[in-house]
Structures are given as C-alpha cells and as structure tokens.
Amino acid sequence: MKYFILAPILFITFIYFFLVKDNILLTDDLGMIYQPVFGNNEYNYLKFISNFIDQDIMTSRPVSAFFYGTIIFLTQFFSIKFYFVNYLFFITAITSVYLVVKKLLNESIAIVSSLFYTLIPIGSSIVFSPIMMNSNLATIFFCGAIYFSTKKKLGYLILSASLFITSILSYEIFIPLIFLFYFTLKIKNSKKIIFITFTLFSIFIYREFIEVNIFDNHFHRDQKLNFLDFGRNVDVITTAIKMHYNILLSLAKSIRALQFFSIIDYTLLLLFMVVLVKSINRVNLDLRISNQKLLVILLCSISTFSIFILSSYLPNAYGFDNRNLGAMRLFYAILFTMLILKIPSQKIKKYLLTSIFLLLAISTISIKNAWIFADKTNKQLFYSLSKIIKHEKLKSDTILISYDLNSRNKIFSDQHSIFKNHHFILKEPIFSEEWEVPYLKKVANIKENVTIRYLYKVDKNKINDSYYIYNWSKNILIKK
C-alpha cells in the first residue's frame, strides 16, 4: 500500500529534476523574472511585498501574491529554488488530495485518486509552470477546508471556513464547489446554510469593500453578469466539449511522441510501472461504491465548469490557458477512480488501472519533453533573431515576430506551423507576450536596444516609425 503512495511523488520528483536541470521557463514565468516592483526596494521586504501585492493582477489573489512575493524576494527568482517551492506545493497538493479523499470515502479510492490527480493531462501548466503554485495553494487550502468540515467542534468549523476563503483568495477555481460543504458538514441543515452564507459573505466583503479600499491598483477578473449572456454560455459548453476531445487527442499525441523519449525517460517509465503493478496487486479494489457519493462527485465535476460562466475565460486544454482547470483535475481524478472501482470484476479493474496509468505516465513524460522543446523553440527563435540584428546592424528599431507570415493574419494560423511539430502535445506555450522579451533577449545575448514584439499582439497603427517583420519560417527580415 505504501509503495502506491510513494509512486506519484517519486515520479514527479524525476519530472521536476529535468525541468530544473534545463532551466525551463515559459510564458508568464518569464514575466516574473523581471518584476517592475523590484526597483530600489529589493532588499526592503515590507516595501517589496506591499508593492508586489498591490498590482492589478495580484490584489484579487492576495494569499498567492504573498507567497509569490516572499519566494521571489528570498530567491531573487533563482529558477531552481522557485521550481523547488512549486514542487513542494504540488507534492503537498497530492498528499492533501489523498488525505481528504481517505477521510470522505476510503483509503483505496484515495490512493488511486491521488495517482490520477498526479498524472491526468488536465491543466498541465499547474504541474509544469512554477507561477501556477497559486493553483496548488488553492487545492491545498480547499482540501483542508473540506477535511475539517467533517468535524463538529466550532473551532474546526471556523478553521474550515477560513481555509476555504484562503483558497479562493489564492485562486478562485474552487468557488463553485461551496455547495460541497452541505454534504460534508456534520451539523444541522440550518447551520449548514449559515456556514455557507457566512463563507460566501466574507469573500464578497473582501472583493467589494476591502480590496478596493486598501489597494491603489485592483482588477476583478470575475464577470458576474456573464451567466445572463446566453450566447457566451453556449460558447462555454461547446469549448468544454472541444476541450475534452483535445485532451483525449493529447493522449494519442503522447504515444506518438514516444519516438522522442530518451533512455532515461524509458527507464523512468519502466521503474514507475514496476512499482505501480506491485502496488495495484496490494491495494484492496473490492469495494462497494455508493451511488449517492458517486452522484455528488459527478455533480462537483460538472460544477467545476461554472467558473467559466462567471469569468472572461473559456475552457481550454492547450498552452498556458489550461491553468484554470485545477478543480476539474481534482474532481475528475476522483470521478474516474470511482467509476473504475465500480466495475464488478477485480481482474478487469487491475488490468484497466494498469493500462490507464501506463498511458498517463507516457503522457506526463511526453508533456515534460514538450515543455522542454517549447523552451528550446523560444531560444532558437531569439538566437536566429540575434544573428539578423547583428547582420543588419539594427540599434533602436522595432521588430515584430511572425512564425509563418504566409498564414492568415491570426495567431492560431501563424503558430500552427510550429505546433504541427510532433514534439508538442498540448500546444505548450511559445513566445507571444512582451513580458517574455527581456529574459529571451538576455539568453540570446541581444544587447541592442531593439523593441521586440509578437506581430499579432501589437497594434501596428500605434507604431510611429517604420518597423521590421521577422518571418522565422524563412529567416528573413522585412522592412515596413
């Protein structure tokens, strides 16, 4: 039994090792390296942390902002240390999932669910992006809130409500799951309503009164009236269906990407499966799954999508846009476990779990390799651009990057030529945002004072002087 619990932790440890070894940082992680709030206050913690939290992208999530800021201040964004902290948070999240599912259901379901949670390719950026420690923090606090809600003493109930509020103020993905307390609280129904109302009211007070009054810069991502927009609700449903298809498609892509596995990758996969098979044979899979509990978990899984109805985001399996699928990742892990363990035949259950976890382990390693390849792609892009800049003797010009200028004038079609490469699994994030530029310029040793942007993220009408377009597919610079 204990080997099964260690299996996901050891597996993820090796995955993180490769990311740290190659210093893999993409998209928003690159923006965190050059935080403008450092200034002259980088050695004054109180000034730094207050400035860090008082950013429009941070005030609605002050808990995770506090953790971000503190870790960045202590490490000066040394990526190895930053990755290590996110690794600890993800491992803690896995452990939290195990403990809360064991408390609510039983140990066998908890063990299998924690392994599903570790490997399932839903919200991959939660695992591979250090900045997404906020999702892991939210999961830890949410699991703690549910765990303590099963106790009757007032102190535990206050702690439970506080942890849920803390979860929402870390990352708001679990707010639709507030109704779960109705099933976990061991108090009278009238007191359950009071508990839920008090918790929601506390979040409302922070968002509508405290945040707007104590911070100079604040920004609300939630769009409360979106649920009245019928057309957008249809978009949420259709993109959710498409997202499920893309996740299944990613599994097929992962198998195709076996051709890129190193000897170390194959060794890791083999060792993981040996431990897994031994563990499955020791876990008691002869369980009676309650239909009522299964229905509650199904309802929770469906409810995770309601966060998109109250925000400006849409469900997306790809790139960094899958970062808000943490709640879905958790409840799908539990749901899949319960559905499989409901199968009568013990033999079929063991073969099915072994096959599924083999596929998911391949998927995780393939996505790890895809993140490494995306990082390599970004650096190759800027290395090529550096040679062009030096050859053309550019000094203070503006350069707009296009991956494939012959494509239609859309981001999707422009990047499609890159994502056709079989290394990519879930369209892992490649260069497109201006906050990625300082780090990539430094890596490529671009010392010239050129302005570099992605072609389809710039309003060309606002560029006063002439500019250049760099077509990477043909490695040519075009003056406009």
Chemist: Are the side chains of Leu137 and Tyr171 in touch, meaning some heavy atoms are under 4.5 Å apart?
Modeler: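 Side chain of Leu137 against side chain of Tyr171, heavy atoms only: no contact under 4.5 Å found.
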Chemist: State plainly whether the residues Lys427 and Asp321 are in salt-bridge range, i.e. N to O under 4.0 Å.
Modeler: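 No.
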Chemist: To the nearest 0.5 Å, what is the distance between CD1 (Ile109) and CD1 (Ile297)?
Modeler: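 The CD1 atom of Ile297 is 9.0 Å from CD1 of Ile109, to the nearest 0.5 Å.
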Chemist: Would you check if the distance from the ring center of Phe18 to the ring center of Phe14 is below 6.0 Å?
Modeler: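 Judged by ring-centre distance (under 6.0 Å), Phe18 and Phe14 do not meet the cut-off.
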Chemist: Under a 3.5 Å threshold, yes or no: a donor from one side chain and an acceptor from the other, between Ser124 and Asn322?
Modeler: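 There is such a pair between these side chains.
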Chemist: Under the 3.5 angstrom rule, does the side chain of Asp22 hit a backbone N or O of Ile24 as a donor-acceptor pair?
Modeler: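 Flag not set: sc Asp22 to bb Ile24 has no pair under 3.5 Å.
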Chemist: For Phe373 together with Phe260, are the ring centres under 6.0 Å from each other?
Modeler: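 For Phe260 and Phe373, the ring centres are not under 6.0 Å apart.
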Chemist: Counting C-beta onward and ignoring hydrogens, is there a side-chain heavy-atom pair between Ile146 and Phe181 closer than 4.5 Å?
Modeler: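 When only atoms from C-beta onward are counted, Phe181 and Ile146 do touch, with a gap below 4.5 Å.
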Chemist: Can Asp29 and Tyr439 be counted as having a side-chain donor-acceptor contact under 3.5 angstrom?
Modeler: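 The answer is no; no qualifying pair exists.
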Chemist: Give the C-alpha distance, both sets of side-chain angles, the deciding distance and a yes or no for side-chain contact (heavy atoms from CB on, under 4.5 Å) between Ile334 and Leu105.
Modeler: CA-CA 10 Å; Ile334 303 172; Leu105 300 170; 4.1 Å; yes
Chemist: Looking only at atom types and distance, does a side-chain atom of Lys349 sit under 3.5 Å from a main-chain N or O of Leu285, one as donor and one as acceptor?
Modeler: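 It does hold such a pair.
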Chemist: Where is the tightest heavy-atom contact between Thr92 and Leu88, given as atom of each residue plus distance?
Modeler: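 Shortest heavy-atom separation between Thr92 and Leu88 comes out as OG1-O, 2.6 Å.
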Chemist: For the ring pair Tyr318 and Phe419, is the centre-to-centre distance below 6.0 Å?
Modeler: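 For Tyr318 and Phe419, the ring centres are not under 6.0 Å apart.
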Chemist: For Phe67, does its backbone N or O pair with a side-chain atom of Thr70 as donor and acceptor, under 3.5 Å?
Modeler: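 Here the side-chain-to-backbone pair does not exist.
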Chemist: What are the two closest heavy atoms between Met133 and Ile71, and how far apart are they?
Modeler: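 Heavy atoms of Met133 and Ile71 come nearest at SD-CD1, 3.7 Å.
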Chemist: So do Ile307 and Ile175 actually touch side chain to side chain, heavy atoms under 4.5 Å?
Modeler: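 Ile175 vs Ile307: side chains touch.
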Chemist: Have a look at Val100 and tell me which of Ser114, Cys143, Ser113 forms a side-chain contact (heavy atoms from CB on, under 4.5 Å) with it.
Modeler: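 Per the side-chain contact (heavy atoms from CB on, under 4.5 Å) rule, the option paired with Val100 is Cys143, out of Ser114, Cys143, Ser113.
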Chemist: Can you name the closest pair of heavy atoms from Met132 and Ile126 and give their distance?
Modeler: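 That closest heavy-atom pairing would be CB-CA, 3.9 Å.
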Chemist: Near Phe198 CZ, under 6.0 Å, is it more than 12 heavy atoms from other residues, nucleotides or ligands?
Modeler: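 No, the 6.0 Å shell around CZ holds no more than 12 heavy atoms from other groups.
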Chemist: Return the orientation label for the Phe308 and Phe305 ring planes: parallel under 30°, perpendicular over 60°, tilted otherwise.
Modeler: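 Rings of Phe308 and Phe305: tilted, 30 to 60°.
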Chemist: Give the ring-plane orientation class for Phe73 versus Tyr45, where under 30° counts as parallel, over 60° as perpendicular and anything between as tilted.
Modeler: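 Ring orientation, 0 to 90° scale: perpendicular.
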Chemist: Before we go on, tell me: are the rings of Tyr403 and Tyr454 under 6.0 Å apart, centre to centre?
Modeler: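 Judged by ring-centre distance (under 6.0 Å), Tyr403 and Tyr454 do meet the cut-off.
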Chemist: What's the verdict on side-chain contact (heavy atoms from CB on, under 4.5 Å) for Leu271 and Thr267, showing C-alpha distance, side-chain angles and the deciding distance?
Modeler: CA-CA 6 Å; Leu271 291 175; Thr267 303; 4.1 Å; yes
Chemist: A quick test of your reading: do over 12 heavy atoms of other residues, nucleotides or ligands sit less than 6.0 Å from OH of Tyr156?
Modeler: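 At most 12 heavy atoms, drawn from other residues, nucleotides or ligands, come within 6.0 Å of this atom.
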Chemist: Starting at OH of Tyr332, measure out to CD1 of Ile247 and round the result to the nearest 0.5 Å.
Modeler: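 Answer rounded to 0.5 Å: 7.5 Å.
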Chemist: Please report the shortest heavy-atom distance between Ala138 and Ser167, naming the atom on each side.
Modeler: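 Looking at all heavy atoms of both residues, the shortest contact is O-OG, 2.8 Å.
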Chemist: If I compare all heavy atoms of Thr184 with all of Ser149, which pair ends up nearest, and what's the gap?
Modeler: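 Looks like OG1-OG, 2.8 Å.
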Chemist: Quick one, Leu163 with Tyr147, criterion side-chain contact (heavy atoms from CB on, under 4.5 Å). Give me CA distance, side-chain angles, the key distance, then yes/no.
Modeler: CA-CA 10 Å; Leu163 287 172; Tyr147 184 92; over 6 Å; no
Chemist: Check whether any side-chain heavy atom of Ile340 lies under 4.5 Å from a side-chain heavy atom of Ile356, and answer yes or no.
Modeler: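 Yes, close enough: below the 4.5 Å cut-off.
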Chemist: Assess whether atom OH of Tyr266 is packed by more than 12 heavy atoms of other residues, nucleotides or ligands within 6.0 Å.
Modeler: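 Enclosed: over 12 neighbouring heavy atoms sit under 6.0 Å from OH of Tyr266.
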Chemist: Just wondering, are more than 12 heavy atoms of other shown residues or ligands nearer than 6.0 Å to CD1 in Ile205?
Modeler: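 More than 12 heavy atoms, drawn from other residues, nucleotides or ligands, come within 6.0 Å of this atom.
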Chemist: Could you walk me through whether Lys379 and Asp375 pass the side-chain contact (heavy atoms from CB on, under 4.5 Å) check?
Modeler: CA-CA 6 Å; Lys379 290 172 181 174; Asp375 175 77; 3.0 Å; yes
Chemist: Does a side-chain heavy-atom distance below 4.5 Å link Gln415 with Ser432?
Modeler: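 A side-chain contact exists here, since the closest heavy-atom pair is under 4.5 Å.
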Chemist: Taking the six-membered ring for Trp, are Phe272 and Phe11 parallel (under 30°), tilted (30 to 60°) or perpendicular (over 60°)?
Modeler: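 The arrangement is tilted - the two ring planes meet at 30° to 60°.
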Chemist: Look at the side chain of Asn369 and the backbone N and O of Ser366, then say whether any donor-acceptor pair between them is shorter than 3.5 Å.
Modeler: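 No, Asn369 side chain to Ser366 backbone: no donor-acceptor pair under 3.5 Å.
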Chemist: Rounded to the nearest 0.5 Å, what separation is found between the CD1 atom of Ile122 and the OH atom of Tyr117?
Modeler: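 Interatomic distance, Ile122 CD1 to Tyr117 OH, rounded to 0.5 Å: 11.0 Å.
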Chemist: With distance as the sole test, does Glu436 use its side chain to make a donor-acceptor pair with the main-chain N or O of Glu434 at under 3.5 Å?
Modeler: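 Side chain of Glu436 to backbone of Glu434, a donor-acceptor pair under 3.5 Å: no, none is there.
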Chemist: Can the ring centres of Phe357 and Phe116 be said to be less than 6.0 Å apart?
Modeler: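 Here the rings of Phe116 and Phe357 have centres that are less than 6.0 Å from each other.
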Chemist: Look up atom CD1 in Ile94 and atom CD1 in Ile140, then write down how far apart they are to the nearest 0.5 Å.
Modeler: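 One finds 10.0 Å between CD1 of Ile94 and CD1 of Ile140.
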Chemist: Atom CZ in Phe331, atom OG in Ser303: separation rounded to 0.5 Å?
Modeler: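 It comes to 9.0 Å.
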Chemist: Do the non-hydrogen side-chain atoms of Phe128 and Ile15 ever get within less than 4.5 Å of each other?
Modeler: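 The answer is yes; the side chains approach within 4.5 Å.
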Chemist: Do Tyr68 and Arg61 have side chains that get closer than 4.5 Å, going by heavy atoms?
Modeler: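 Result no, sub-4.5 Å side-chain heavy-atom pair not found.
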Chemist: Do Phe204 and Phe209 have side chains that approach each other closer than 4.5 Å (heavy atoms only, starting at C-beta)?
Modeler: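 A side-chain contact under 4.5 Å exists here.
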Chemist: How many angstroms lie between atom NZ of Lys342 and atom OG of Ser290, to the nearest 0.5 angstrom?
Modeler: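 Result: 7.5 Å between the selected atoms.
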Chemist: Would a distance-only check, ignoring hydrogens and angles, find a side-chain to backbone donor-acceptor pair under 3.5 Å from Ser363 to Leu359?
Modeler: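 Side chain of Ser363 to backbone of Leu359: no pair is present.
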Chemist: Indicate yes or no for a side-chain donor-acceptor contact from Tyr87 to the backbone of Pro130 under 3.5 Å, with no hydrogens or angles considered.
Modeler: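 Checking the backbone N and O of Pro130 against the side chain of Tyr87, no donor-acceptor pair under 3.5 Å is found.
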Chemist: Any donor and acceptor pair, going by atom type alone, linking the side chain of Lys192 with main-chain N or O of Tyr182 inside 3.5 Å?
Modeler: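 Yes; at least one donor-acceptor contact below 3.5 Å.
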Chemist: Under the 3.5 angstrom rule, does the side chain of Asn136 hit a backbone N or O of Ala93 as a donor-acceptor pair?
Modeler: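 No, because the side chain of Asn136 does not come within donor-acceptor range (under 3.5 Å) of the backbone of Ala93.
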Chemist: Pro176 and Ser306: which non-hydrogen atoms are nearest, and at how many Å?
Modeler: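 Here Pro176 and Ser306 meet closest at CB-OG, 3.0 Å.
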